[in-house]
Asker: 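This structure is in structure tokens; I'll ask about it shortly.
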Amino acid sequence: MDREKKNIFELTNCSVSQYLQMEKLPVAVLLDNVRSMYNVGSVFRTSDAFLISEVILCGITGCPPHPEISKTALGAEESVKWRYCESALTAVKDMKKEGWLICVLEQAHGSIPLQNFIPSSDIKYLLVAGNEVEGVSQEIVDLADIILEIPQHGVKHSLNVSVSVGIALWKMVEFRQ
């Protein structure tokens, strides 16, 4: 069995211009007041890997160009479509009007454990993730069509926001890969 690690040339899938022309999945990510630029960069990188259609940065969430975003995004801020909206609430309402199903990633009563979520291939999903301390604002949780929760069993009650987004995106796109 060959177990040699792949080199950079074997790992390169496409150029940025080719990536921009590729069909994206009908999944978008909205970051609601995410403080850490490193977390923002990580979400860009994960979004690139999964062909996410768009990242929407809201409130105090930092935007490219920024050195800390670039450090973790590794250029994905150039390949992934993104936009800034001052109000996450307004952005969520607009996406809902456009037919996106609003999926909030949060620990809340009435949530669905992520492993029980079965995404449909004919639905456009907006995954909303929130601030590292406060989470997603309650007014957005109230607008959610689905609240997804990642079950946790350790001492800590939460995961890093970029890790949570990565886990949730994998679940949302696994059937489309």
Side-chain angles (χ1 to χ4, degrees), residues 3-92 95 100 102-107 114 125-137 140 148-150 152 154-174 176-177:
R3 293 182 178 210
E4 186 175 340
K5 290 172 41 177
K6 295 178 181 178
N7 65 43
I8 191 67
F9 301 107
E10 293 171 302
L11 294 173
T12 302
N13 294 323
C14 62
S15 68
V16 172
S17 60
Q18 290 170 321
Y19 182 90
L20 292 172
Q21 299 302 315
M22 295 171 77
E23 184 177 348
K24 306 303 183 291
L25 298 176
V27 176
V29 175
L30 184 143
L31 298 180
D32 177 20
N33 289 313
V34 172
R35 297 178 312 176
S36 167
M37 302 289 185
Y38 296 119
N39 284 334
V40 174
S42 183
V43 169
F44 269 101
R45 192 164 160 192
T46 302
S47 296
D48 173 275
F50 293 137
L51 287 172
I52 301 308
S53 65
E54 178 180 31
V55 174
I56 305 165
L57 308 169
C58 300
I60 65 167
T61 306
C63 297
H66 192 283
E68 291 175 6
I69 292 173
S70 297
K71 183 173 180 141
T72 49
L74 295 178
E77 72 277 26
E78 301 296 326
S79 58
V80 175
K81 178 182 169 187
W82 67 272
R83 62 186 160 109
Y84 174 79
C85 294
E86 187 174 335
S87 167
L89 183 61
T90 299
V92 167
M95 295 292 279
W100 292 77
I102 310 304
C103 297
V104 169
L105 190 55
E106 190 57 81
Q107 297 167 317
L114 187 61
Y125 293 100
L126 175 65
L127 179 66
V128 180
N131 178 274
E132 293 87 342
V133 176
E134 303 296 323
V136 176
S137 67
I140 293 174
L148 297 174
E149 184 170 345
I150 301 169
Q152 298 168 49
V155 175
K156 298 299 176 185
H157 65 278
S158 66
L159 294 167
N160 176 282
V161 64
S162 67
V163 171
S164 296
V165 168
I167 292 168
L169 285 178
W170 170 253
K171 179 65 176 174
M172 295 181 100
V173 305
E174 70 178 325
R176 298 175 194 242
Q177 299 292 322

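Computed from a predicted structure; not experimentally measured. Sequential numbering from 1 along the given sequence is applied to the chain's residues. Below, all heavy atoms of this structure are taken into account, side chains as well, without hydrogens, waters or symmetry copies.
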Asker: Which distance, rounded to the nearest 0.5 Å, do you find between the CG of Leu57 and the SG of Cys85?
Answerer: 8.5 Å
Asker: Using every non-hydrogen atom in the two residues, find where Cys103 and Met172 come nearest and quote the distance to one decimal.
Answerer: SG-CE, 3.9 Å
Asker: Decide if atom CD of Gln152 counts as having more than 12 heavy atoms of other residues, nucleotides or ligands within a radius under 6.0 Å.
Answerer: yes
Asker: Under the side-chain contact (heavy atoms from CB on, under 4.5 Å) rule, what do Leu30 and Met95 come out as? Steps first, then yes or no, please.
Answerer: CA-CA 10 Å; Leu30 184 143; Met95 295 292 279; 5.6 Å; no
Asker: Short question: side chain of Gln107, backbone of Ser158 - any donor-acceptor pair under 3.5 Å?
Answerer: no
Asker: Side chains of Ser70 and Glu77, heavy atoms from C-beta outward: is any pair under 4.5 Å?
Answerer: yes
Asker: For the pair Ser42 (side chain) and Thr72 (backbone), establish whether a donor and an acceptor sit closer than 3.5 Å, ignoring hydrogens and angles.
Answerer: no
Asker: Quick check: does any side chain N or O of Glu10 sit under 3.5 Å from a backbone N or O of Asn7, one acting as donor and the other as acceptor?
Answerer: yes
Asker: Hey, are the side chains of Ile150 and Leu105 touching, using non-hydrogen atoms and a 4.5 Å cut-off?
Answerer: yes
Asker: Could you check whether any side-chain N or O of Glu106 sits under 3.5 Å from a backbone N or O of Val136, counting only pairs where one atom can act as donor and the other as acceptor?
Answerer: yes
Asker: Examine distances only and state if a side-chain atom of Asn33 and a backbone atom of Asn131 form a donor-acceptor pair shorter than 3.5 Å.
Answerer: no
Asker: Give the C-alpha distance, both sets of side-chain angles, the deciding distance and a yes or no for side-chain contact (heavy atoms from CB on, under 4.5 Å) between Asn39 and Thr61.
Answerer: CA-CA 10 Å; Asn39 284 334; Thr61 306; over 6 Å; no
Asker: Please state whether the rings of Phe50 and Trp170 are parallel, tilted or perpendicular, taking 30° and 60° as the class boundaries.
Answerer: tilted
Asker: Would you find a donor on one side and an acceptor on the other, under 3.5 Å apart, between the side chain of Ser79 and the backbone of Val16?
Answerer: no
Asker: Ignoring hydrogens and geometry, is there a side-chain-to-backbone donor-acceptor pair from Lys5 to Arg3 under 3.5 Å?
Answerer: no
Asker: Which atom names give the shortest non-hydrogen contact between Gly130 and Val161, and what distance separates them?
Answerer: O-CG2, 3.4 Å
Asker: Rounded to the nearest 0.5 Å, what separates atom NZ in Lys171 from atom CG in Leu127?
Answerer: 13.5 Å
Asker: Supply the atom-to-atom distance Arg45 CZ to Leu74 CG, rounded to the nearest 0.5 angstrom.
Answerer: 4.0 Å
Asker: For residues Ala129 and Val165, report the shortest heavy-atom separation together with the two atoms involved.
Answerer: CB-CG2, 3.5 Å
Asker: With a 4.5 Å limit on heavy-atom distance, are the side chains of Leu51 and Tyr19 in contact?
Answerer: yes
Asker: Using every non-hydrogen atom in the two residues, find where Leu114 and Ala168 come nearest and quote the distance to one decimal.
Answerer: CD2-CA, 3.8 Å
Asker: Counting only heavy atoms not in Glu68, do more than 12 sit closer than 6.0 Å to its CD atom?
Answerer: yes
Asker: Tell me if the CD atom of Glu23 is crowded by more than 12 foreign heavy atoms within 6.0 Å.
Answerer: no
Asker: Measuring from Leu148:CG to Ser164:OG, what's the distance to the nearest 0.5 Å?
Answerer: 11.0 Å
Asker: If we only count heavy atoms from C-beta on, is the Trp82 to Cys63 side-chain gap below 4.5 Å?
Answerer: yes
Asker: Could you check whether any side-chain heavy atom of Ile52 comes within less than 4.5 Å of a side-chain heavy atom of Val80, counting everything from C-beta outward?
Answerer: no
Asker: For a quick test of reading the model, state the closest non-hydrogen atom pair linking Met22 to Cys14 and the distance between them.
Answerer: SD-SG, 3.9 Å
Asker: Taking Gly75's backbone N and O only, do any of them form a donor-acceptor pair with Glu78's side chain (distance below 3.5 Å, no angle check)?
Answerer: no
Asker: Verify, without hydrogens or angle tests, whether Tyr84 (side chain) and Gly59 (backbone) share a donor-acceptor contact under 3.5 angstrom.
Answerer: yes
Asker: If you compare all heavy atoms of Ile56 against all heavy atoms of Cys58, which two are closest, and at what distance to 0.1 Å?
Answerer: CG2-SG, 3.7 Å
Asker: Answer yes or no: is there a donor N or O on one side and an acceptor on the other, between the side chain of Asp32 and the main chain of Ser137, under 3.5 Å?
Answerer: yes
